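Read through the structure below, which is laid out as structure tokens, and then see the notes.
A quick note: this is a predicted structure, and the numbers were derived from the prediction, not measured. The sequence lines fix the lettering, A, B, ..., with proteins before strands; numbering per chain opens at 1.
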There are 2 protein chains.
Amino acid sequence: MKSTNTRTHILDTAQELIQTVGLNAMSYANISQAVGVRKASIHYYFPSKDDLLVALLERYSPYFLRVVDTILDAPESAEVKLRRYCGLFEATLSSGKQDKVCLCGMLGAEIKTLNTPLSEQISRFYQQNEIRLTQLLNQGLSAGVFNFPGDAAAMAQLIFSLLEGELLIARAGKGVPHFRGVVEQLMQLVKQ
Amino acid sequence: MKSTNTRTHILDTAQELIQTVGLNAMSYANISQAVGVRKASIHYYFPSKDDLLVALLERYSPYFLRVVDTILDAPESAEVKLRRYCGLFEATLSSGKQDKVCLCGMLGAEIKTLNTPLSEQISRFYQQNEIRLTQLLNQGLSAGVFNFPGDAAAMAQLIFSLLEGELLIARAGKGVPHFRGVVEQLMQLVKQ
DNA sequence: GTCTATAGCGCGATAGAC
DNA sequence: GTCTATCGCGCTATAGAC
């Protein structure tokens with residue numbers, strides 16, 4: 001999290017604040033204290049809070065989806081790929097000293113406080129994940145390593161909502177063990 | 001939502017604000033405007049915001065769980081009971097003019113801004129739902145109407161996280177149709 | 001029980017010096 | 001690029017009249 005330049009340091013800090021506490025904790029005052037510059041310096045890089053949020057999403061979403069694409073293109077079984085995809089969310093939960101949720105999961109809760117371009121960016125993130133999960137599931141069905149009723153698209157939506165929700169629920173209680181238990185249950189469901 | 005007395009009207013309005021927009025929208029000013037009394041009158045019933053939140057949870061959680069108990073005790077198949085349980089969440093999403101999420105789901109996102117008694121109330125709500133879902137699933141397994149791999153407790157955790165997450169995800173996009181598709185997929189998974 | 005008035009704070013944002 | 005200083009706003013909360 002120690003960053004080479006101020007701009008990146010601000011982005012990292014802002015993201016951490018949202019993922020751990022929420023959008024409202026991402027204040028110029030809080031970022032200022034964590035980064036070690038004055039509030040006015042943050043306004044220099046990101047004049048308004050919306051500017052900062054847009055930059056955050058434009059960095060987070062493509063990065064996350066690129067990692068997902070890497071998982072999908074790897075020469076592994078669909079089962080391993082799905083475990084790795086779930087592992088991305090587990091890593092979010094357990095990275096750092098405080099439990100984190102997905103950036104777009106947290107912003108989903110606060111979506112009604114955001115303007116349209118921002119809410120569309122978040123909605124697009126959800127859709128893109130569902131699309132990739134559908135591909136992953138279809139790979140597994142074709143290869144015969146997955147065997148579940150219903151169709152892949154509905155299953156993909158189920159899995160994505162499950163992972164986003166699980167980050168929130170696990171954080172309130174048993175944490176990573178709760179998360180892992182649910183992922184194991186999911187793996188049994190898709191394999192049959 | 002038109003209430004007989006001011007106190008109830010305040011509670012109803014506060015809950016609606018949290019479920020649609022978030023905890024931060026539940027301000028004395030916003031409630032004041034919606035209820036038609038001055039801010040000071042709200043402080044008369046609920047001196048601090050925490051007092052209001054506690055009252056809200058002490059009303060919501062027992063009520064919701066009592067409805068769940070009614071579903072569990074009904075002379076229906078476990079399949080119908082599970083559909084009705086999911087229906088409680090769908091009703092939350094589609095009641096009113098704005099999409100709502102579960103009160104405790106929304107507060108789960110903002111849980112790190114709450115003090116310990118409140119976060120424990122929310123955590124307890126999650127646990128109580130998981131316990132009742134486990135019972136429901138075991139009923140279905142015993143009766144032979146459910147047939148899924150893994151154990152009922154893990155499946156219950158999966159379903160609860162799924163429903164809480166789905167409320168957030170569906171709100172950002174396709175709404176009720178998205179929700180229904182996921183519930184149908186879930187029903188196929190438990191029935192096999 | 002409901003009101004007016006006000007205190008005190010944190011917030012987002014801007015101007016202008018260096 | 002970073003700073004000090006400041007503005008105006010909305011917030012939670014309280015005192016005191018009616």
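When the salt bridge (charged side-chain N to carboxylate O under 4.0 Å, His left out) test is applied to B:Asp151, no partner is found at least two apart in sequence or on another chain. Applying the side chain to side chain donor-acceptor pair (under 3.5 Å) test to A:Tyr85 and every residue at least two apart in sequence or in another chain returns A:Asn129. With sequence neighbours excluded, the residues that form a salt bridge (charged side-chain N to carboxylate O under 4.0 Å, His left out) with A:Arg84 are A:Glu76. Partners of A:His178 according to the ring pair (Phe, Tyr, Trp, His ring centres under 6.0 Å) rule, which considers only residues two or more places apart in sequence or in another chain, do not exist here. Partners of B:Val37 under the side-chain contact (heavy atoms from CB on, under 4.5 Å) rule, at least two apart in sequence or in another chain, are B:Thr6, B:Val35, B:Ser41, B:Ile42.
Going from atom SG of A:Cys86 over to atom CG of A:Leu186 covers 5.5 Å, rounded to the nearest 0.5 Å.
Distance, A:Lys39 NZ to C:dG12 C1': 7 Å, rounded to whole Å. Across the protein-nucleic acid pair, A:Arg38 atom CZ and D:dC3 atom P stand 7 Å apart, rounded to whole Å. Look at NE2 on B:His43: it is 14 Å from C1' on C:dT4, rounded to the nearest Å. Here D:dT2 presents its C1' atom at 11 Å from CD1 of A:Ile10, a figure rounded to the nearest Å. Following rounding to the nearest Å, B:Arg7 (CZ) and C:dT2 (P) show an atom-to-atom distance of 13 Å.
For residues 22-47 of chain A, there are no salt bridge (charged side-chain N to carboxylate O under 4.0 Å, His left out) pairs, not counting sequence neighbours.
Residues from residues 22-37 of chain B lying near DNA chain C, meaning a heavy-atom separation below 4.0 Å, are B:Val37 in numerical order. Of the residues in residues 44-54 of chain A, those placing a heavy atom less than 4.0 Å from an atom of DNA chain C are A:Pro47, A:Ser48, A:Lys49, in numerical order.
Considering only side-chain N and O atoms, B:Thr6 lies nowhere under 4.0 angstrom from the phosphate OP1 or OP2 of C:dG1.
Nearest to the side-chain atoms of B:Ser41 among the listed nucleotides C:dC3, D:dC3, C:dA13 stands C:dC3.
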With a 3.5 Å cut-off and sequence neighbours excluded, list the donor-acceptor pairs that the side chains of residues 65-72 of chain B form with protein atoms.
from	atom 1	to	atom 2	distance (Å)
B:Asp69	OD1	B:Arg132	NE	2.8
B:Asp69	OD2	B:Arg132	NH2	3.4
B:Thr70	OG1	B:Arg66	O	2.9

